[in-house]
Each structure stands twice: as structure tokens, then as C-alpha cells.
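Read through the structure below, which is laid out as C-alpha cells, and then see the notes.
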Amino acid sequence: VQLQASGGGLVQAGGSLRLSCVASNRIFSSAVMGWFRQAPGKEREFVGLIRWDFGRVYYADSVKGRFAISRNKAENALYLQMNSLKPEDTGVYYCARALAFTTAPSEYVYWGQGTLVTVSS
């Protein structure tokens, strides 16, 4: 499975971006799709996830109320709508797939290449 993330860019604080992640193969219903980010010099951190079958979502406290994950099952596509962006949201954003409901990066098997989001103050 290959995951292709896109949609990153430069945005001013308070702005919005929408990231996309498309899978090369059908995403199985049992899969969990997650978004992570990594700022320069920091460890990769969990942003949010969605259970592919029922669409249940879960977010990190730092993005709750500002970010929203959605999916298009027919197109094997995952989205991350980011609103009210802050400079601390800057980083490379990755989509990834796991087989269980987990926020741990080590539990995710497949990773996209990442897309850079830069939020200026």
C-alpha cells in the first residue's frame, strides 16, 4: 500500500489548509487511518485518526475543535481540514495506516511521504 499526501503549503496564522491522502489500494474496513506531524527537531506526534469502517474520529487535544478528519471510501482518500492554524502547527504532516485504534506511531505500518505545512505568525 502506498499513501500519497498532498495539500501542504504556507499559510498565515488563523488561516486554513486541507490535506489529502490517497491510497494506491483499497483501504480495508478494519483499517485505522491516522494523521501525524513532525516539527523540526521534535518527535513525530499524533494529530488525529479515523476508523475507516464507521468513520469514528479521535483527535489530539492540541487540535481538537480546529482540525477535522474525513474520508471518501470510494476514492480511498483521507482528508485533514485544518482551521484556525497556529505557528505551532508547523511541521511535516504524514498520513498512515494501522490495524488497530491507536495513537502510537510505532503501530502504524504504512506511511505517506509527508507534506509540509508552514504557518507564519
Side-chain angles (χ1 to χ4, degrees):
V1 175
Q2 291 186 336
L3 301 174
Q4 182 75 33
S6 62
L10 174 64
V11 63
Q12 288 188 332
S16 299
L17 278 177
R18 187 188 194 218
L19 306 184
S20 300
C21 174
V22 179
S24 59
N25 299 92
R26 185 176 74 89
I27 299 174
F28 291 104
S29 296
S30 59
V32 172
M33 300 298 295
W35 285 99
F36 294 80
R37 66 187 181 190
Q38 189 165 17
K42 295 188 176 181
E43 293 187 352
R44 193 167 298 187
E45 67 169 342
F46 170 77
V47 173
L49 62 80
I50 185 167
R51 275 197 55 167
W52 202 250
D53 48 6
F54 300 115
R56 177 187 173 191
V57 294
Y58 180 76
Y59 301 100
D61 288 343
S62 59
V63 306
K64 202 172 293 183
R66 301 188 297 122
F67 290 12
I69 296 175
S70 61
R71 74 199 190 305
N72 184 321
K73 296 173 74 174
E75 296 185 357
N76 296 312
L78 173 73
Y79 305 101
L80 179 65
Q81 177 67 44
M82 305 185 293
N83 300 323
S84 302
L85 282 161
K86 305 175 181 179
E88 51 263 43
D89 294 319
T90 293
V92 178
Y93 282 69
Y94 300 89
C95 57
R97 196 191 94 175
L99 295 179
F101 195 96
T102 176
T103 63
S106 61
E107 298 297 318
Y108 284 76
V109 179
Y110 299 102
W111 290 83
Q113 85 288 0
T115 183
L116 177 62
V117 172
T118 304
V119 184
S120 62
S121 56

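These numbers come from a predicted model, not from an experiment. Starting from 1, each residue takes its place in the sequence as its number.
Linking Ile, Leu, Val, Met, Phe, Trp and Tyr whenever their side-chain heavy atoms come within less than 4.5 Å leaves Trp52 and Phe101 in two separate clusters. One hydrophobic cluster holds both Val32 and Tyr94 under the rule that ILVMFWY side chains link at heavy-atom gaps under 4.5 Å. Linking Ile, Leu, Val, Met, Phe, Trp and Tyr whenever their side-chain heavy atoms come within less than 4.5 Å leaves Leu17 and Val22 in two separate clusters. By the criterion of side-chain heavy atoms lying less than 4.5 angstrom apart, applied directly or through intervening Ile, Leu, Val, Met, Phe, Trp or Tyr residues, Val92 is not grouped with Val47; the two fall into different hydrophobic clusters.
Nearest heavy atom pair, residue Leu3 against residue Ala96, reads CD1-CA, 3.7 Å. Here the shortest heavy-atom pairing between Ala23 and Val1 reads CB-CG1, 4.5 Å. Heavy-atom minimum distance, Ala13 versus Pro87: CB-CD, 4.1 Å.
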Enumerate, atom names and distances included, each donor-acceptor pair closer than 3.5 Å involving a side-chain atom of residues 113-121, sequence neighbours excluded.
residue, atom, partner, partner atom, Å
Gln113, OE1, Ala5, N, 3.2
Gln113, NE2, Ala5, O, 2.8
Thr115, OG1, Gly8, N, 3.0

N/O donor-acceptor pairs under 3.5 Å from side chains in residues 73-82, not counting sequence neighbours:
residue, atom, partner, partner atom, Å
Asn76, OD1, Ile27, N, 3.1
Gln81, NE2, Asn83, OD1, 2.9

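Alongside Leu99, the hydrophobic cluster contains no other residue (criterion: ILVMFWY side chains under 4.5 Å).
Checking side-chain atoms of Arg71 against main-chain N and O of Asp53 turns up a donor-acceptor pair under 3.5 Å.
Within the structure, disulfide bond (SG atoms under 2.5 Å apart) contacts touching residues 79-121 (residues at least two apart or in different chains) are Cys21-Cys95. Residue pairs meeting the salt bridge (Lys or Arg N to Asp or Glu O under 4.0 Å) criterion with at least one member in residues 89-98, sequence neighbours excluded, are Arg37-Asp89, Arg66-Asp89.
Residues Phe67 and Leu85 meet the side-chain proximity criterion, which asks for heavy atoms closer than 4.5 Å.
Listed by chain and residue number, Phe46, Tyr108, Trp111 satisfy the ring-ring contact (aromatic ring centres under 6.0 Å, His included) test with Phe36 (two or more places apart in sequence, or in another chain).
Note that CG of Leu49 and OH of Tyr59 are 9.0 Å apart. Values are rounded to the nearest 0.5 Å. We find the OH-CH2 distance between Tyr93 and Trp35 to be 10.0 Å, quoted to the nearest 0.5 Å. Distance check: Tyr58 OH to Lys64 NZ gives 6.0 Å after rounding to the nearest 0.5 Å.
Environment of CD in Gln2: sparse, with no more than 12 heavy atoms of neighbouring residues, nucleotides or ligands closer than 6.0 Å.
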